[in-house]
Amino acid sequence: MNVEYFMGLALEEAKKAYELGEIPIGAIVVKNNGVISTGFNKRELNKNALLHAEIEAIYKACEKLGGWRLWECQLYVTLEPCPMCAGAIVNAHIPKVYFGAYDKNNGCCGSAINVLNMPNNFKPEYEGGILEEECSLLIKDFFKKLR
């Protein structure tokens, strides 16, 4: 399976958030070409600032795999991770992150800052721009509807 396939699954999670009135960001954790967990934004729904898509997917993956180190996993997320989510990625030791749209204001994989490449920490590899247009359009459409 390829990165576009898994990003497509993350986009399906983002669409769930969209339908609930949440900023449409979705994430999945993959191990051995199988989906371990999924997540989408639920901040408004649960009135909790921590409920980003990546956090939910990482939390569920840790529960399912029985540990906090996700060394053999990859994370796919539709938007470049924010500082909180990038920190969670580093702390979970996820070796590879794929994201869709770049976030020039808050992205922490090189757009605003690079949390994934801080000295003396675990340094995940990352690749952005996977299905970038589809991921970006979903977010833009969401905010257009709000206005």
Side-chain angles (χ1 to χ4, degrees), residues 1-65 68 70 72-118 122-147:
M1 295 195 202
N2 63 31
V3 295
E4 289 84 12
Y5 170 78
F6 288 119
M7 189 60 71
L9 296 179
L11 265 168
E12 291 304 314
E13 292 299 309
K15 290 173 184 173
K16 293 176 185 177
Y18 186 100
E19 294 301 317
L20 292 171
E22 296 278 351
I23 296 173
I25 300 168
I28 64 168
V29 174
V30 173
K31 180 179 180 184
N32 298 327
N33 279 324
V35 175
I36 298 299
S37 63
T38 63
F40 59 88
N41 275 6
K42 294 180 180 167
R43 292 187 308 172
E44 297 298 333
L45 183 67
N46 293 343
K47 308 294 186 232
N48 187 327
L50 302 177
L51 295 181
H52 288 207
E54 300 96 318
I55 300 299
E56 181 180 29
I58 290 168
Y59 184 87
K60 288 174 168 179
C62 290
E63 279 191 324
K64 185 170 185 178
L65 297 174
W68 61 269
L70 301 178
E72 299 174 334
C73 299
Q74 302 83 45
L75 176 72
Y76 292 79
V77 59
T78 57
L79 183 67
E80 183 177 2
C82 73
M84 175 180 69
C85 294
I89 291 163
V90 169
N91 282 295
H93 291 224
I94 298 172
K96 184 74 178 196
V97 177
Y98 298 94
F99 64 88
Y102 289 85
D103 184 348
K104 293 176 182 154
N105 295 322
N106 299 301
C108 289
C109 297
S111 289
I113 61 172
N114 196 335
V115 171
L116 301 188
N117 197 22
M118 291 176 55
F122 179 79
K123 292 177 182 50
E125 294 179 26
Y126 56 91
E127 182 179 340
I130 312 299
L131 299 182
E132 180 177 8
E133 187 174 331
E134 294 93 326
C135 294
S136 183
L137 284 174
L138 187 61
I139 293 169
K140 287 177 183 175
D141 183 58
F142 174 80
F143 284 109
K144 197 179 290 183
K145 278 187 167 185
L146 282 182
R147 295 180 181 115

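- Looking at heavy atoms from C-beta onward, Phe143 lies in side-chain contact with Ile23 at the 4.5 angstrom threshold.
- Checked for salt-bridge contact, Lys16 and Glu19 miss the test: no charged N lies under 4.0 Å from a carboxylate O.
- A heavy-atom distance below 4.5 Å is not found between the side chains of Leu9 and Tyr76.
- Atom CD of Gln74 is separated from atom CG of Asn33 by 7.5 Å, given to the nearest 0.5 angstrom.
- Take Lys31 and apply the salt bridge (charged side-chain N to carboxylate O under 4.0 Å, His left out) test, not counting sequence neighbours, and it matches Glu72.
- The distance from atom CE of Met118 to atom CD1 of Ile113, rounded to the nearest 0.5 Å, is 7.5 Å.
- Using a 4.5 Å heavy-atom threshold, the side chains of Ser37 and Lys64 count as separate.
- The backbone N or O of His52 lies less than 3.5 Å from no partner atom in the side chain of Lys42, so there is not a single donor-acceptor pair.
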Subject >> Test side chain to side chain contact (heavy atoms under 4.5 Å, CB included) applied to Cys73 and Leu65, step by step >> reply: CA-CA 10 Å; Cys73 299; Leu65 297 174; 3.8 Å; yes
**OP:** Take Lys60 and Thr38 through the test side chain to side chain contact (heavy atoms under 4.5 Å, CB included) and record every step on the way to the result.
**Re:** CA-CA 8 Å; Lys60 288 174 168 179; Thr38 63; 3.8 Å; yes
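- Between Val90 and Val115 the shortest heavy-atom distance is CG2-O, 4.0 Å.
- The OG1 atom of Thr78 sits 11.0 Å away from atom CZ of Phe99, with the distance rounded to the nearest 0.5 Å.
- Contact record, Trp68 with Cys62: CA-SG, 3.7 Å, taken as the closest heavy-atom pair.
- At distances below 3.5 Å, not a single donor-acceptor pair connects side-chain atoms of Ser136 with backbone N or O atoms of Ala101.
- Interatomic distance, Ile25 CD1 to Cys85 SG, rounded to the nearest 0.5 Å: 8.0 Å.
- Closest of all the heavy-atom pairs between Leu79 and Ile139 is CD1-CD1, 3.9 Å.
- The heavy-atom pair separating Pro95 from Phe122 by the smallest distance is CA-CZ, 3.9 Å.
- Distance alone, capped at 3.5 Å, is enough to place a donor-acceptor pair between the Asn2 side chain and the Glu4 backbone.
- Counting only heavy atoms from C-beta outward, the side chains of Cys108 and Pro81 never approach each other to under 4.5 Å.
- Residues meeting the ring pair (Phe, Tyr, Trp, His ring centres under 6.0 Å) test with Tyr59, sequence neighbours left out: none.
- Within 6.0 Å of NZ on Lys123 lie more than 12 heavy atoms contributed by other residues, nucleotides or ligands.
- Here the closest heavy-atom approach between residue Ile94 and residue Pro124 is recorded as O-CB, 3.1 Å.
- Listed by first and then second residue, the salt bridge (Lys or Arg N to Asp or Glu O under 4.0 Å) pairs involving residues 101-114 amount to none (not counting sequence neighbours).
- We find the SG-CG distance between Cys82 and Asn105 to be 13.0 Å, quoted to the nearest 0.5 Å.
- Taking a cutoff of 4.0 Å between a charged side-chain nitrogen and a carboxylate oxygen, Lys15 and Glu12 qualify as a salt bridge.
- Judged by the 6.0 Å and 45° rule, Lys145 forms no cation-pi pair with Phe142.
- Between the Asn41 side chain and the Ala53 main chain, a donor and an acceptor come within less than 3.5 Å of each other.
- Leu11 has its side chain within reach of Cys135: a pair of non-hydrogen atoms, C-beta onward, lies under 4.5 Å apart.
- Judged by distance alone, the side chain of Glu13 and the main-chain N or O of Phe40 form no donor-acceptor pair under 3.5 Å.
- The CD atom of Glu22 sits 7.5 Å away from atom CZ of Arg43, with the distance rounded to the nearest 0.5 Å.
- Using modelled atom types, one finds a donor on one side chain and an acceptor on the other under 3.5 Å when comparing Asn114 with Tyr126.
- For the pair Leu50 and Met84, the tightest heavy-atom approach, listed with the atom from each and the gap, is CD2-SD, 3.5 Å.
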**OP:** Show your working on side chain to side chain contact (heavy atoms under 4.5 Å, CB included) between Val35 and Phe6 and close with a plain yes or no.
**Re:** CA-CA 8 Å; Val35 175; Phe6 288 119; 4.2 Å; yes
